[in-house]
**Q** 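Provided herewith is a single structure, encoded as structure tokens, for subsequent inquiry.
In this text, all values refer to a predicted model and were calculated from it rather than measured experimentally. Counting starts at 1 for both ligands and their atoms, in listed order.
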Amino acid sequence: MKTIIEPFKIKSVEPIKFTTLGEREDALRRGSYNLFLVPAEEVLIDLLTDSGTAAMSADQWAGMMRGDESYAGARSFYRFERAVRDLTGFKHVIPTHQGRAAEKILFSLLGGKGKIVPNNTHFDTTRANVEFSGAEAVDFPTAEGTDPDTVAPFKGNMDVHELEGFIENVGAEAIPLCMVTITNNSGGGQPVSMRNLRETREVCRKHGIPLFLDACRFAENAFFIKQREPGYAHRPIRDIVQEMFSYADGATMSAKKDAIVNMGGFLALNDDALAQNARNLLIVTEGFPTYGGLAGRDLEAIAQGLEEVLDEHYLQYRIRSVEYLGEQLTAAGVPILQPPGGHAIYLNAKKFLPRIPPAQYPGQALVVDLFRRGGIRSVEIGSVMFGKYGTDGSLIPARMELVRLAIPRRVYTQSHIDYVIEVVIECFEHREELKGYRIIEEPPVLRHFTARFEPM
Ligand code: F0G
């Protein structure tokens with residue numbers, strides 16, 4: 001087999017800044033050991049997120065110029081609406097400035113006290129929006145999905161059996177909608193199978209519960225289905241995507257992922273009354289329904305990105321480059337969540353740093369060391385992000401202690417990835433030297449963004 005190459009050439013470049021060890025240590029101190037508080041300029045390779053960090057194509061930039069900035073009924077809106085409808089089949093397409101704005105509208109309308117929202121695994125903003133409405137967010141990952149070492153094709157799946165038992169237990173009236181996150185980001189960027197979507201759909205239909213997809217990474221999910229699920233190897237990606245959405249009644253989407261843009265999102269759904277209410281709320285919070293918090297040029301770039309993301313050369317390169325990173329780290333003995341996800345590799349900090357207990361945040365220790373040694377910015381997905389406090393003030397740790405290396409779309413080349421591999425391996429070789437962290441300041445919600453740390 002020949003090397004899978006980047007399916008693009010580079011027309012415009014952005015220099016990255018090299019720093020010394022001393023400068024990085026200083027940046028860490030100034031940022032209170034929270035990489036969200038370190039200026040991006042001081043980061044060499046930024047793997048904080050794959051969200052809004054993509055490189056747009058020449059056609060997307062051309063679309064930015066073509067963008068129609070009319071307040072109402074802009075041509076760019078109709079192009080955007082056509083693109084979303086073609087993929088999802090949903091009747092109503094409501095643009096929002098990003099994914100969480102769609103979540104905010106959806107859960108403001110369907111959430112509230114006494115309501116419960118099941119998901120394979122809620123992303124943090126999704127959970128926050130459910131909980132902010134007064135409702136409860138419950139996750140139903142499968143057993144294999146929560147074991148970081150199991151290699152299985154669809155570890156993002158919903159535990160349909162558990163879901164059904166839960167619905168029967170609490171009663172369908174308490175459940176205004178059920179969500180499936182594709183791919184399952186908090187569960188390791190793992191895909192959900194078509195079969196699992198169909199089965200989840202069946203359970204929801206039986207109980208009269210609408211099913212929504214959190215569709216940020218729908219194209220990556222579709223590519224995994226094509227690669228791994230019997231019967232899909234010869235189906236075009238567009239077909240697979242359309243089938244995935246056909247099982248749902250609606251979707252929230254952060255266009256900052258698989259629409260390959262820097263800002264944008266949407267809420268799409270079939271229910272007329274719900275759509276009407278959503279548009280009313282949109283006008284109050286985001287903007288008129290044909291722009292919803294976005295410029296016409298953004299809508300144009302999203303429409304174009306939704307085409308480009310279906311290209312199988314792109315998806316093959318995308319999935320393969322993440323897999324390559326995972327393979328090289330695994331070969332060096334570095335513990336990662338297996339198998340590699342679609343948009344990211346998740347280092348298993350619990351195994352990487354077994355001597356640092358969860359209450360001393362091993363993931364954060366690793367995040368800091370990756371930056372200190374190599375200028376790489378990553379994100380902790382463990383007890384900093386998901387930890388809670390018990391009544392006695394002690395930490396209730398997260399299920400897993402992970403560090404995510406998220407790969408921006410079309411931004412870094414293979415030599416950047418080779419460098420990342422070297423730095424991670426260097427951290428691994430020096431793992432005995434790492435110490436834990438304590439939190440010295442934190443906000444009441446989504447604390448990982450702004451918490452301040454101190455080395456133990
Ligand atoms: N759902 C999932 C599965 C996500 O991964 C994200 C964002 C959102 C919803 C919210 O979208 O940021 O546009 O408001 N994930 C980013 C990440 C931030 O780094 O994984 P948003």
**Q** Any idea how Y71 and F288 line up, ring-wise: parallel (<30°), tilted (30 to 60°), or perpendicular (>60°)?
**A** tilted

**Q** In the protein, what heavy atom is nearest to atom 1 (N) of ligand 1, and what distance, to one decimal place, separates them?
**A** D214 OD2, 2.7 Å

**Q** Thinking salt bridges, do E42 and R30 make one under a 4.0 Å N-O criterion?
**A**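 Yes, charged N to carboxylate O under 4.0 Å.
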
**Q** Mind checking whether I356 and Y437 have side chains closer than 4.5 Å, heavy atoms only?
**A**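 No - every pair of side-chain heavy atoms lies 4.5 Å or more apart.
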
**Q** May I ask you to decide whether K155 forms a salt bridge with D147, counting only side-chain N to carboxylate O separations under 4.0 Å?
**A**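 Result for this pair is no, no salt bridge flagged.
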
**Q** Among all the protein's non-hydrogen atoms, which is closest to atom 13 (O) of ligand 1, and how far away is it?
**A**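 Looking at atom 13 (O) of ligand 1, the protein heavy atom closest to it is S254 OG, 2.6 Å.
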
**Q** Thinking salt bridges, do R320 and E323 make one under a 4.0 Å N-O criterion?
**A** yes

**Q** Please state which option from Q98, R100, E103 has its nearest heavy atom closest to atom 9 (C) of ligand 1.
**A** E103

**Q** Given H97, R404, K257, which one has a non-hydrogen atom that is nearest to atom 20 (O) of ligand 1?
**A**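 Looking at heavy atoms only, the winner is R404.
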
**Q** Work out whether the distance between some heavy atom of C216 and some atom of ligand 1 is less than 4.0 Å.
**A**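 Yes; C216 lies near enough to ligand 1 that a heavy-atom distance drops under 4.0 Å.
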
**Q** Polar contacts were defined as any N/O atom of the residue lying under 3.5 Å from an N/O atom of the ligand; does this apply to N185 and ligand 1?
**A**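 N/O-N/O distance below 3.5 Å exists for this pair.
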
**Q** Look up atom CD1 in I345 and atom CD in Q338, then write down how far apart they are to the nearest 0.5 Å.
**A**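 If I round to the nearest 0.5 Å, the distance is 8.0 Å.
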
**Q** If the cut-off is 4.0 Å to any non-hydrogen atom of T181, which atoms of ligand 1 fall inside it?
**A** 3 (C)

**Q** Going by an N to O cut-off under 4.0 Å, is there a salt bridge joining E300 and R297?
**A**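 No, no charged N to carboxylate O under 4.0 Å.
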
**Q** So for H343, does at least one of its heavy atoms come nearer than 4.0 angstrom to any atom of ligand 1?
**A** no

**Q** Return a yes/no value for G99: is any of its N or O atoms, backbone included, closer than 3.5 angstrom to an N or O of ligand 1?
**A**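 Such a contact does occur with ligand 1.
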
**Q** Considering only NZ, NE, NH1 and NH2 on the basic side and carboxylate oxygens on the acidic side, decide whether R372 and D369 come within less than 4.0 Å.
**A** yes

**Q** Give the residue, atom name and distance (to 0.1 Å) of the protein heavy atom nearest atom 10 (C) of ligand 1.
**A** T125 OG1, 3.3 Å

**Q** Number the atoms of ligand 1 from 1 as they appear, then name those within less than 4.0 Å of a heavy atom of K256, with their elements.
**A** 13 (O)

**Q** So which heavy atom in the protein is nearest atom 18 (C) of ligand 1, and how far is it from that ligand atom?
**A** F123 CZ, 3.8 Å

